[in-house]
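Accompanying notes for the structure given below.
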Amino acid sequence: MKKSIHILYVIMTILLVSPAEALKSEFIMASESSFNLPHDLALSPDGRYLYVADNGNDRIAVLEPDTLKVIGSIGESELSAPHDAAFDRKGRLLVADTGNDRVVLYTVKGTQSERVAVIKGEFRKPEGVAADAGDRVYVTGASSDNLVIFENGVKVSDLGNMSGPHDVETDDAGNILIVDSNNDRLLIVGPDMQIMKTLSGAPYNFNGPRYAVYDAAGRLYVADKNAHMVKIIGKDYELLGAIGTGKPGKEPGQLNKPEGIAVLGKDVWISDTYNNRIVRYQITE
């Protein structure tokens with residue numbers, strides 16, 4: 001059974017990119033703890049903790065990245081269906097508290113946390129949150145179909161014409177990445193809020209993309225939910241490969257509607273959402 005799954009995974013990778021170019025990955029382990037539709041992930045700035053938006057359990061679960069063991073939780077008494085977790089440059093944890101139509105900011109130290117701020121206004125059902133180098137906070141409203149930008153809790157700008165946007169990420173140049181989920185595309189937006197690049201159609205063939213993250217080399221990892229894959233895109237926007245066979249399952253190399261992704265070095269953590277678990281892979285290039 002495992003041999004046939006491995007063959008299928010290789011075939012799917014060849015279909016995406018040529019074998020010479022494809023990045024390879026190795027399944028390391030899956031979590032034993034039961035999650036309830038886990039969504040996006042965030043590593044602490046020092047890499048010692050992995051924070052998981054455990055959507056159905058109304059909490060942020062805190063894990064050991066190496067073992068995937070749950071060692072604590074944040075926000076169990078106050079969060080409702082959180083979708084995203086991200087750190088700002090001050091080390092504060094930002095949580096898209098979707099069911100409460102707000103973003104909550106925490107100071108954290110391991111499993112200990114303290115709520116320090118709440119952001120609300122002009123977005124509905126926020127599913128993505130990020131901060132830039134200037135500590136502006138970016139929030140996607142999945143039900144309001146917009147991106148809203150805040151500075152010191154006050155709205156300073158917004159962008160519309162999207163459908164069910166989920167994740168938002170920023171880079172050091174001030175550019176903004178928006179996962180425009182229902183339109184099956186990624187938008188690269190400049191600091192002036194003008195769309196610089198749209199990633200859609202071939203060769204990406206996104207099918208309900210949800211969350212994304214850049215690695216240190218500038219490559220982009222995209223949790224493509226309905227494709228049952230994490231797709232890897234290079235700095236020049238070439239498709240480099242994928243984790244997942246394209247068919248739902250729980251065997252090594254398979255995912256079931258993944259939604260969240262975190263990367264550190266060659267390590268990749270994925271919210272294997274509809275298998276209710278976290279899995280860890282390594283890039284073996």
Side-chain angles (χ1 to χ4, degrees), residues 31 33 35-66 68-142 147-156 166-170 176 210-214 259-264 269 271 273 278:
S31 62
S33 298
F35 297 87
N36 190 344
L37 299 179
H39 279 61
D40 207 13
L41 319 170
L43 283 162
S44 60
D46 61 9
R48 294 179 58 192
Y49 303 95
L50 182 66
Y51 296 82
V52 179
D54 193 8
N55 178 279
N57 285 323
D58 298 324
R59 66 172 183 170
I60 301 297
V62 187
L63 283 64
E64 292 178 343
D66 291 342
L68 302 184
K69 178 182 177 182
V70 177
I71 56 174
S73 64
I74 292 171
E76 281 192 280
S77 62
E78 65 177 0
L79 298 176
S80 175
H83 277 70
D84 196 9
F87 281 90
D88 67 10
R89 271 54 171 189
K90 294 179 179 178
R92 299 177 300 184
L93 181 67
L94 285 63
V95 177
D97 188 11
T98 310
N100 288 321
D101 284 321
R102 64 182 185 173
V103 168
V104 183
L105 281 69
Y106 296 95
T107 57
V108 295
K109 187 175 183 180
T111 61
Q112 304 300 309
S113 66
E114 180 182 356
R115 191 179 78 182
V116 293
V118 170
I119 298 173
K120 301 185 73 172
E122 301 199 40
F123 56 77
R124 298 191 308 277
K125 302 301 179 188
E127 297 205 10
V129 63
D132 65 15
D135 288 327
R136 284 188 169 189
V137 175
Y138 299 75
V139 184
T140 55
L147 172 76
V148 186
I149 305 174
F150 296 87
E151 190 170 314
N152 298 319
V154 178
K155 175 190 167 183
V156 294
H166 276 62
D167 204 13
V168 56
E169 298 287 328
T170 63
I176 308 158
R210 290 302 192 261
Y211 293 89
V213 68
Y214 291 102
E259 296 221 18
I261 184 81
V263 180
L264 180 63
W269 294 266
S271 280
T273 303
I278 308 301

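Small disclaimer: the values here were computed from a predicted structure and weren't measured.
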With side-chain contact (heavy atoms from CB on, under 4.5 Å) as the criterion, how do Val52 and Ile60 come out once you've worked through the C-alpha distance, each side chain's angles and the decisive distance to 0.1 Å? CA-CA 5 Å; Val52 179; Ile60 301 297; 5.9 Å; no

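- Here the side chains of Asp97 and Ser80 are in contact, with some heavy-atom distance below 4.5 Å.
- With no hydrogens or angles considered, a side-chain donor-acceptor pair links Tyr138 and Asp132 at under 3.5 Å.
- Within the 4.5 Å cutoff, the side chain of Ile278 has heavy atoms near those of the Leu41 side chain.
- The closest side-chain heavy-atom distance from Thr98 to Pro82 is not below 4.5 Å.
- Taking the side chain as every heavy atom from C-beta outward, Val103 and Val95 never approach each other to under 4.5 Å.
- A salt bridge is defined here as a Lys NZ or Arg NE, NH1 or NH2 lying under 4.0 Å from an Asp or Glu carboxylate O, and Asp167 with Arg210 fails to meet this definition.
- Salt-bridge formation is detected for the pair Glu122/Lys155: a Lys NZ or Arg NE/NH1/NH2 atom is positioned less than 4.0 Å from an Asp or Glu carboxylate oxygen.
- Residues meeting the side-chain contact (heavy atoms from CB on, under 4.5 Å) test with Ser44, sequence neighbours left out: Asp46, Arg48, Tyr49, Tyr51, Phe87.
- Side-chain contact between Val104 and Tyr106: present, with at least one pair of heavy atoms (C-beta onward) separated by less than 4.5 Å.
- In this model, a donor atom of one side chain and an acceptor atom of the other lie less than 3.5 Å apart for His83 and Asn55.
- A pairwise comparison of heavy atoms in Thr140 and Val168 identifies CG2-CB, 3.9 Å as the closest pair.
- Using a 4.5 Å cut-off on side-chain heavy atoms (C-beta onward), Tyr214 and Val263 make no contact.
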